[in-house]
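Notes for the one structure printed next.
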Amino acid sequence: MNKLALYLRLIRMDKPIGTVLLLWPTLMAMWIASGGVPEWRLLVIFTLGTFLMRSAGCAINDYADQDIDKFVKRTAERPITSGRVSGKEAVAIAVVLTLLAFCLILPLNTLTRQMSVAAVILAGTYPYTKRFFAIPQAYLGIAFGFGIPMAFAAIQGHVPPVAWLLLVANVFWTLAYDTEYAMCDRDDDLKLGIRTSAITFGRYDVAIIMFCYAMHLAMVLVCGWQLGLRLWFVAGLAVAAGLACYHYTLIRNRERGPCLYAFRHNNWLGGAVFAGVALDYALR
């Protein structure tokens, strides 16, 4: 039972925020692709798949960062870093979870299955981008948003331009919230030579985060407006914009606690955007 508890910690069962941040844009894409009436079967497949792939990504991330995490206060007691779970165990767990996720999409069309391979590659390679890419959060945004084009592929059989625009919007959102997250570890990352957007943006970090929030909401607005979404959709975006402004009050002093809270609070921002989309379709 102790080992099971460690495995659950490894895949962040105690911290579901990452799964939620993956799920909101995926659900939004499913509602848009289906005209507001997604099949329950697809909802189950994509929801479970999101959970499994995020969990697998956490295991691979900790495996890749095991020699780094021990020098970072926030991550020093993670299961692999503390020596209570081996690297081989983490890789095995990631492989099993990925295979389970792939089994879920076997009943879907060929395009969706093909795109799932790209999704696995993105999730598996992201942890290593911190070694050479100045803004790895942008790469993470693609990985975290790949459920968007996959949802369109599964429902419509192709990926229209609006899906790719929504994916770019998700990259901006991920840049915003994951830079908030990276601000918590900036001092440790500087000592270790790790590359993050919080370090790359420097003293402009807060301004760029707010710019990314604005770009995300503006691009989602353009997509929804072109698709005929109106009152409730705009209301959802307005609530999300208000939450983004609240995040500014949290991160402007660059204190670790408030920055971490702002990161977690993005659950509500993503939920507001999705709620606006879902309500607009439901109340037509």
Side-chain angles (χ1 to χ4, degrees), residues 19-57 97-126 138-174 215-230 232-233 236-237 270-271 273-284:
T19 301
V20 175
L21 293 177
L22 269 164
L23 194 57
W24 285 133
T26 303
L27 291 176
M28 179 182 66
M30 295 188 74
W31 251 255
I32 291 175
S34 65
V37 192
E39 294 181 35
W40 69 266
R41 177 181 67 103
L42 290 178
L43 283 174
V44 172
I45 289 173
F46 273 84
T47 300
L48 290 178
T50 296
F51 166 74
L52 290 170
M53 285 308 301
R54 189 261 176 165
S55 299
L97 293 174
T98 301
L99 289 174
L100 288 174
F102 185 71
C103 289
L104 282 173
I105 64 165
L106 284 177
L108 304 184
N109 59 45
T110 301
L111 177 59
T112 308
R113 294 197 299 271
Q114 290 173 340
M115 295 186 72
S116 72
V117 176
V120 170
I121 293 172
L122 287 167
T125 54
Y126 159 69
Y139 193 89
L140 179 66
I142 299 173
F144 263 35
F146 214 70
I148 295 171
M150 285 184 64
F152 276 88
I155 294 170
Q156 297 185 359
H158 70 287
V159 184
V162 68
W164 298 115
L165 188 57
L166 286 171
L167 175 58
V168 175
N170 192 76
V171 171
F172 278 106
W173 185 36
T174 308
M215 287 297 296
H216 164 65
L217 295 174
M219 294 178 78
V220 173
L221 175 62
V222 168
C223 291
W225 199 265
Q226 289 179 341
L227 294 167
L229 300 177
R230 292 295 184 266
W232 292 105
F233 168 66
L237 291 183
V273 175
F274 168 70
V277 171
L279 282 172
D280 206 276
Y281 279 114
L283 298 177
R284 285 183 173 187

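On a predicted model such as this, the values are computed, not experimentally measured, just so you know. We use all heavy atoms of the structure for the numbers below, so side chains are in, but hydrogens, waters and symmetry mates are not.
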**Item:** Worked verdict on L166 versus M219 for side-chain contact (heavy atoms from CB on, under 4.5 Å)
**Value:** CA-CA 7 Å; L166 286 171; M219 294 178 78; over 6 Å; no
pair [X]-[Y]: side-chain heavy atoms closer than 4.5 Å:
X: L108; Y: L42; value: yes
X: V273; Y: L217; value: yes
X: I148; Y: N170; value: yes

Compare every heavy atom of [Y] with every heavy atom of [X], then report the nearest pair and how far apart it is.
X: G228; Y: R284; result: O-NH2, 3.3 Å
X: A143; Y: A123; result: CB-N, 4.5 Å
X: H216; Y: F172; result: N-CB, 4.0 Å
X: L97; Y: S55; result: CD1-CB, 3.6 Å
X: G224; Y: R230; result: O-NH1, 4.5 Å
X: W173; Y: P25; result: CZ3-CD, 4.0 Å

**Prompt:** So among L237, L279, V277, which one has a side-chain contact (heavy atoms from CB on, under 4.5 Å) with W232?
**Reply:**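 Answer to the side-chain contact (heavy atoms from CB on, under 4.5 Å) test with W232 among L237, L279, V277: L279.
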Measuring from [X]:[atom1] to [Y]:[atom2], what's the distance to the nearest 0.5 Å?
X: L111; Y: S116; atom1: CG; atom2: OG; answer: 10.0 Å
X: M53; Y: T19; atom1: CE; atom2: OG1; answer: 11.5 Å
X: S34; Y: F152; atom1: OG; atom2: CZ; answer: 9.0 Å
X: T26; Y: F46; atom1: OG1; atom2: CZ; answer: 7.5 Å
X: L167; Y: F146; atom1: CG; atom2: CZ; answer: 7.5 Å
X: T47; Y: L23; atom1: OG1; atom2: CG; answer: 5.0 Å

**Request:** Could you check V159 against M115 for side-chain contact (heavy atoms from CB on, under 4.5 Å), going step by step and ending with a plain yes or no?
**Result:** CA-CA 11 Å; V159 184; M115 295 186 72; 3.9 Å; yes
Taking side chain to side chain donor-acceptor pair (under 3.5 Å) as the test, write out the residues that go with [X], two or more places apart.
X: Y139; result: T125
X: T112; result: N109
X: R113; result: T110

**Asked** Going through the checks in order, is the side-chain contact (heavy atoms from CB on, under 4.5 Å) test met by L140 and V171?
**Response** CA-CA 8 Å; L140 179 66; V171 171; over 6 Å; no
**Asked** Should V220 and F233 be marked as a side-chain contact (heavy atoms from CB on, under 4.5 Å) after you check the CA-CA gap, both sets of side-chain angles, and the distance that decides it?
**Response** CA-CA 10 Å; V220 173; F233 168 66; 3.9 Å; yes
**Message:** Classify the ring geometry of W31 against F274: parallel below 30°, tilted from 30° to 60°, perpendicular beyond 60°.
**Reply:**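 W31 and F274: perpendicular rings.
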